[in-house]
Number of protein chains: 2
Amino acid sequence: MDNLDRSILDELRRNSRAGYGDIGQIIGLSASAVKRRVDRLVADGVIRAFTIQVDPTVDGMNTEAYVELFCRGTVAPEELLRILSAVPEVVDAGTVTGSADAIVHMRSRDIPSLEAALERVRIAPNVDHTRSAIVLSRLIHRSND
Amino acid sequence: MDNLDRSILDELRRNSRAGYGDIGQIIGLSASAVKRRVDRLVADGVIRAFTIQVDPTVDGMNTEAYVELFCRGTVAPEELLRILSAVPEVVDAGTVTGSADAIVHMRSRDIPSLEAALERVRIAPNVDHTRSAIVLSRLIHRSND
DNA sequence: ACTGAAATGTTGCCTAA
DNA sequence: TTAGGCAACATTTCAGT
């Protein structure tokens with residue numbers, strides 16, 4: 001991870017479809033050198049994914065909730081990961097300090113589909129109960145890390 | 001916005017560098033047809049950006065918390081927005097149903113800087129108290145928040 | 001939707017530090 | 001031994017039909 005890698009990340013953050021040659025021209029490297037660095041960044045897990053940002057309102061994904069997850073006994077993070085991975089509405093999740101075992105950020109098309117997704121989380125064994133806070137109005141959304 | 005557009009969005013979400021031909025093969029369309037649709041989705045603002053997800057630990061931003069915000073009396077969403085906008089560690093926030101007034105997702109370099117950021121939220125007038133859940137291990141990170 | 005020309009991605013090999 | 005450049009080849013993009 002040197003300055004060149006950081007510049008590549010910046011460029012890809014701005015446009016993940018940018019050509020290797022274009023990036024190289026900006027940071028002063030050949031296309032193949034850039035490709036090799038990008039491949040390495042992906043292999044090393046620095047770049048997690050090449051994705052797009054979609055206007056949530058157009059996509060109709062404008063219903064959100066923060067859900068606290070309470071489990072029975074102790075549950076390994078790996079098991080929570082397995083449960084939550086199966087639900088595409090889960091946008092973001094992590095185990096947390098405090099009384100809840102995990103907090104899950106969900107986004108879905110509407111309330112019924114949110115409810116259905118919640119149900120899929122709840123039926124998992126070891127999940128005791130959940131406590132949801134539905135988002136009324138989105139205040140801040142600083143997309144991208 | 002038909003089902004084909006939605007399939008294209010799904011594919012690009014999974015891999016924004018996917019070739020038009022590859023996408024076409026999956027959803028049953030020619031490469032040029034896919035390109036025209038993608039161009040239209042970008043022009044219409046449905047696709048906001050082509051970007052990458054970077055491992056936050058590489059950026060040195062590996063401490064996260066979900067914070068419930070409790071206010072005194074009734075606070076307008078605009079005021080919460082004003083308060084939270086001033087704190088760059090706030091990644092995501094919204095007013096919610098339930099006993100808390102808002103939920104705030106914060107990301108910072110380490111615990112001390114998280115504490116400092118929290119303090120900046122707490123000193124705002126009308127903010128009664130906060131309840132934080134610090135993220136122990138990140139399970140899912142599917143979106144850009 | 002198909003085609004061909006142009007652009008870009010990909011890989012092997014060589015050189016330099 | 002690691003990283004970059006160059007060149008040849010494969011694939012993709014893109015405009016014109």
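Below, chain A is the first sequence line, B the second, and so on; all start at residue 1.
- Enclosure of atom CZ in B:Arg122 by more than 12 non-hydrogen atoms of other residues, nucleotides or ligands within 6.0 angstrom is indicated.
- Note: CG (B:Asp22) to C1' (D:dT11) measures 10 Å, nearest angstrom.
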Exercise for the section: Please report the C-alpha distance between A:Met1 and A:Asp44 in whole Å, then the side-chain angles of each, then the deciding distance to 0.1 Å, and finally whether the side-chain contact (heavy atoms from CB on, under 4.5 Å) criterion is met. Expected result: CA-CA 10 Å; A:Met1 268 301 277; A:Asp44 291 354; over 6 Å; no
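- The listed nucleotides are C:dT10, D:dC6, D:dG4; the one nearest the side chain of A:Lys35 is C:dT10.
- Note: CD1 (B:Ile23) to C1' (D:dT11) measures 15 Å, nearest angstrom.
- Nucleotide C:dG9 holds its C1' atom 14 Å from the CG atom of B:Asn15, rounded to whole Å.
- In this structure, the nucleotide among C:dA1, D:dT13, D:dG4 sitting nearest to the side chain of B:Tyr20 is D:dT13.
- In this structure, B:Ser30 reaches the sugar-phosphate backbone alone: every heavy-atom distance under 4.0 Å involves primed, P, OP1 or OP2 atoms, never a base.
- Separating the CD1 atom of B:Ile27 from the P atom of C:dA1 is a distance of 11 Å, rounded to the nearest angstrom.
- Side-chain N/O atoms of A:Arg37 and base N/O atoms of D:dG4 include no donor-acceptor pair closer than 3.5 Å.
- As a whole-Å value, the separation of A:Asp39 CG from D:dG4 P is 13 Å.
- Residues A:Arg17 and A:Ala31 each lie close to DNA chain D; by heavy-atom proximity, the contact nearer the 5' end of the strand is made by A:Ala31.
- Counting any heavy atom pair closer than 4.0 Å across all strands shown, A:Arg40 reaches no nucleic acid atom.
- Heavy-atom contacts from other residues, nucleotides or ligands closer than 6.0 Å to CD of A:Glu119 number more than 12.
- Between A:Leu29 atom CG and D:dA3 atom P the separation is 12 Å, expressed in whole Å.
- Taking atom CE on A:Met1 and atom P on D:dT2, their separation rounds to 19 Å, with Å as the unit.
- No side-chain donor-acceptor contact under 3.5 Å links B:Thr63 and B:Ser108.
- Place A:Ala18 and B:Arg36 on DNA chain C by their nearest nucleotides, and B:Arg36 ends up nearer the 5' end.
- Across the protein-nucleic acid pair, A:Ile8 atom CD1 and D:dG4 atom P stand 8 Å apart, rounded to whole Å.
- When each of B:Thr97, B:Asp101, B:Val96 is tested with A:Leu136 by the rule side chain to side chain contact (heavy atoms under 4.5 Å, CB included), just one qualifies, namely B:Thr97.
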